[in-house]
Protein chains: 2
Amino acid sequence: MESQDLKRAGLKATLPRLKILKFLEESKQRHMSAEEVYKALLEAGDEVGLATIYRVLTQFESAGLVTRHHFDEGHSVFELNLGEHHDHIVCVRCGRVDEFVDEIIEERQHRIAEEKGYEMTDHALYIYGICPDCRKTQGRGPRTQGRGKAN
Amino acid sequence: MESQDLKRAGLKATLPRLKILKFLEESKQRHMSAEEVYKALLEAGDEVGLATIYRVLTQFESAGLVTRHHFDEGHSVFELNLGEHHDHIVCVRCGRVDEFVDEIIEERQHRIAEEKGYEMTDHALYIYGICPDCRKTQGRGPRTQGRGKAN
DNA sequence: TTCTAAATGCGAAAACTTCTCATTCCGTTC
DNA sequence: GAACGGAATGAGAAGTTTTCGCATTTAGAA
Ligand SMILES: [Mn+2]
Ligand SMILES: [Mn+2]
Ligand SMILES: [Zn+2]
Ligand SMILES: [Zn+2]
């Protein structure tokens, strides 16, 4: 039961928060904008106000339940925190997102922060490119899976 | 004369474009938002419409004259392209921005894109942390140099 | 100088996010 | 399980950043 997850995170188990958390857990897409969560819940008949979606996602972020990303779009993208930290490689053609972890890069980042005298609090690495599928389909943007520019 | 730079970039040497380019070259701050460029020109008596600032910076980006960054703020930050590519470490307290290049990271990124089957088009690495100065001043945000949250 | 396509400035509008505040809900107390 | 009080929600207004539409101006060629 998700209520426990919320309680543990220091949040009251309200209906909107439960709906949002449940949705994030069950969605096939791991990376979603507030708007996308809103629309998906709407379709599922679990409507939650958009303002609440934004508030709750921000609270989840503070509580460590989700991570907020800033891909080169213009809006925030959220992801449920499951296992470990990871970085992203994003298709500029269709919006597909793949994940990866590279210990060497992680380690270098720490060293760089140290060298510069910074106390590192966070870091974000985004690789942009054309995914395998889109490389085949040379023409304009192909299958608009995920969140493609083509919306 | 900057007109040549513009012509070379395939852009007509208009007054607004010249003002913006000149300003970017002479400004002490290397990383600036459209709004900051707008205000600075305004103060200098070289007012250019904000819409034009946005248009021109986007054109400069397409022409390879500037690079657009998306620090974890909510707006774009632009930087004149001088030498080589580099990444950024940003102070979350005062907004200070330092730059660095790490060949190992660069190389790993290429390898990752390759492994995932992506044709890399770009990449961005942002390290966030507390800068040396801000670490000394433990309290709330100290000197609001650069573009700090404290505006 | 004249001419034309391109660029600019302005305000309107779009896109995303936060805020305000009346209403509702959660969780605790009785 | 009814009552209470503070926290959370919903709806719309408002804030931010960026783009758009179009009348007017300008760069650069003729
Ligand atoms: Mn992810
Ligand atoms: Mn830089
Ligand atoms: Zn793709
Ligand atoms: Zn600092």
Side-chain angles (χ1 to χ4, degrees), chain A residues 1-21 23 31-39 41-42 45-63 65-66 68-78 95 147-151, chain B residues 1-21 23 31-39 41-42 45-63 65-66 68-78 147 149-151:
Chain A
M1 200 184 277
E2 292 86 353
S3 337
Q4 300 314 314
D5 300 313
L6 291 175
K7 300 261 176 67
R8 222 172 294 129
L11 296 171
K12 256 197 325 198
T14 66
L15 224 41
R17 298 213 263 236
L18 286 169
K19 287 178 184 173
I20 294 170
L21 182 55
F23 171 73
H31 310 90
M32 321 239 315
S33 69
E35 187 80 27
E36 286 170 328
V37 173
Y38 174 71
K39 284 181 184 159
L41 288 178
L42 219 182
D46 284 321
E47 180 162 9
V48 173
L50 184 55
T52 300
I53 302 269
Y54 274 105
R55 266 186 308 237
V56 169
L57 287 174
T58 299
Q59 292 159 351
F60 282 6
E61 183 189 19
S62 299
L65 292 176
V66 309
R68 181 195 303 258
H69 301 294
H70 299 278
F71 298 154
D72 270 9
E73 298 177 308
H75 55 261
S76 295
V77 172
F78 301 85
R147 160 190 46 272
K149 303 283 183 188
N151 289 349
Chain B
M1 198 184 279
E2 292 87 352
S3 338
Q4 300 315 312
D5 300 312
L6 290 176
K7 300 262 177 66
R8 223 172 293 129
L11 297 170
K12 257 200 320 199
T14 65
L15 225 41
R17 298 214 263 237
L18 286 168
K19 287 178 183 172
I20 294 171
L21 181 55
F23 172 72
H31 309 91
M32 322 238 313
S33 68
E35 186 80 27
E36 286 170 328
V37 173
Y38 173 72
K39 284 181 183 156
L41 287 179
L42 218 182
D46 282 323
E47 181 163 7
V48 173
L50 184 54
T52 300
I53 303 267
Y54 275 104
R55 267 186 305 236
V56 168
L57 286 174
T58 300
Q59 293 158 351
F60 281 7
E61 183 189 19
S62 299
L65 292 176
V66 309
R68 180 196 304 256
H69 300 294
H70 296 90
F71 297 155
D72 270 9
E73 298 177 304
H75 55 261
S76 295
V77 172
F78 300 84
R147 160 191 45 271
K149 302 283 182 185
N151 287 349

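With contacts defined as side-chain heavy-atom distances shorter than 4.5 Å, the pair A:F71/B:H70 does not qualify. Between A:Y38 and A:V48, every side-chain heavy-atom pair lies at or beyond the 4.5 Å cut-off. A heavy-atom distance below 4.5 Å is not found between the side chains of A:K12 and A:L6.
If you measure from atom NE2 of B:H70 to atom P of C:dA15, you get 17 Å, rounded to the nearest angstrom. The distance between atom CD1 of A:I20 and atom P of D:dA8, rounded to the nearest whole Å, is 13 Å. Taking atom CG of A:L57 as the reference point, atom C1' of D:dT9 lies 14 Å away to the nearest angstrom. As rounded to whole Å, 16 Å separates atom C1' of D:dA8 from atom CG of A:L21. For A:L41 and D:dG10, the CG to C1' distance is 15 Å, given to the nearest whole Å. Rounding to whole angstrom units, CG of residue B:L18 and C1' of C:dA7 are separated by 13 Å. The OH-P distance, from A:Y38 to C:dT17, rounds to 15 Å in whole Å.
The shortest heavy-atom contact between A:A34 and A:L50 is O-CD1, 4.3 Å.
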Base-contact (B) and sugar-phosphate-only (S) positions in nucleotides 17-30 of chain D, heavy-atom cut-off under 4.0 Å, - elsewhere
SBBBB-----SS--
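Distance check: A:K39 NZ to A:M32 CE gives 11.0 Å after rounding to the nearest 0.5 Å.
Judged purely by distance below 3.5 Å, without hydrogens or angles, the side chains of B:R17 and B:T52 never pair a donor atom with an acceptor atom.
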